Every structure is written in structure tokens, then in C-alpha cells.
J.: 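Structure below; questions to follow.
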Amino acid sequence: MPTVALHLMVAMPTTTDSRHLSLFILAALITLTLAAIRGLVRRARVVMVVSGTSVLLVVLAVLAIAYVITLGVG
């Protein structure tokens, strides 16, 4: 557990500003969504790729809009 705590202290931005933390979390979620789309395209059947990718693209769009709004505030 101390290793995880130390890693999080290194990975988190040094300021405790909630805006920076929100950008960090949104960037992580965007990265995970892109990885999910990539994995889905590689491993799924055609029907699942089309439906799953469309759902994940909507999620990605919402996350990207939230990132831009958070980046622009302040």
C-alpha cells in the first residue's frame, strides 16, 4: 500500500487545485476510452465493433467536451 500511495503522490499534479485534478482525471479517462476502442476493434466481431465503437465514441465526445470546458474555465 505505501508503494501505491507514493506512486499517486508522484503521478498527481503538485498543486491541489481541483481544476488540475479534473484535467488529470479527464485525460486519464480519455486515454482509457481510446484504449477500449482500440481493443474492441482488434478483438470483437463486426456487429460488436460497430455498436461498441459508436457508444465509446459518444463517451469520448462527452469526455473531450468536458476536458475543453474545464481547460477553458479560469
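Not measured: the values here are computed from a predicted model. Heavy-atom basis, side chains included; hydrogens, waters and symmetry copies ignored.
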J.: Do L32 and V62 sit in one hydrophobic cluster, given that two such residues count as connected whenever their side-chain heavy atoms are within less than 4.5 Å of each other, even indirectly?
T.: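 No, L32 and V62 fall in different hydrophobic clusters.
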J.: Atom CD1 of I65 and atom CG of L60: how far apart are they, to the nearest 0.5 Å?
T.: 10.0 Å
J.: I'd like to know if F24 and V68 are part of one continuous hydrophobic network [Ile/Leu/Val/Met/Phe/Trp/Tyr, side-chain heavy atoms within less than 4.5 Å].
T.: no
J.: Indicate every side-chain donor-acceptor pair of residues 45-57 with a distance under 3.5 Å to a residue at least two apart or in another chain.
T.:
unit_1	atom_1	unit_2	atom_2	d
S51	OG	V47	O	3.1
T53	OG1	V49	O	2.5
S54	OG	V50	O	3.2
S54	OG	S51	O	2.7

J.: Measure the spacing between CG of L26 and OG1 of T33 and express it to the nearest 0.5 Å.
T.: 10.0 Å
J.: L34, Y67: one ILVMFWY side-chain cluster at the under-4.5 Å cut-off?
T.: yes
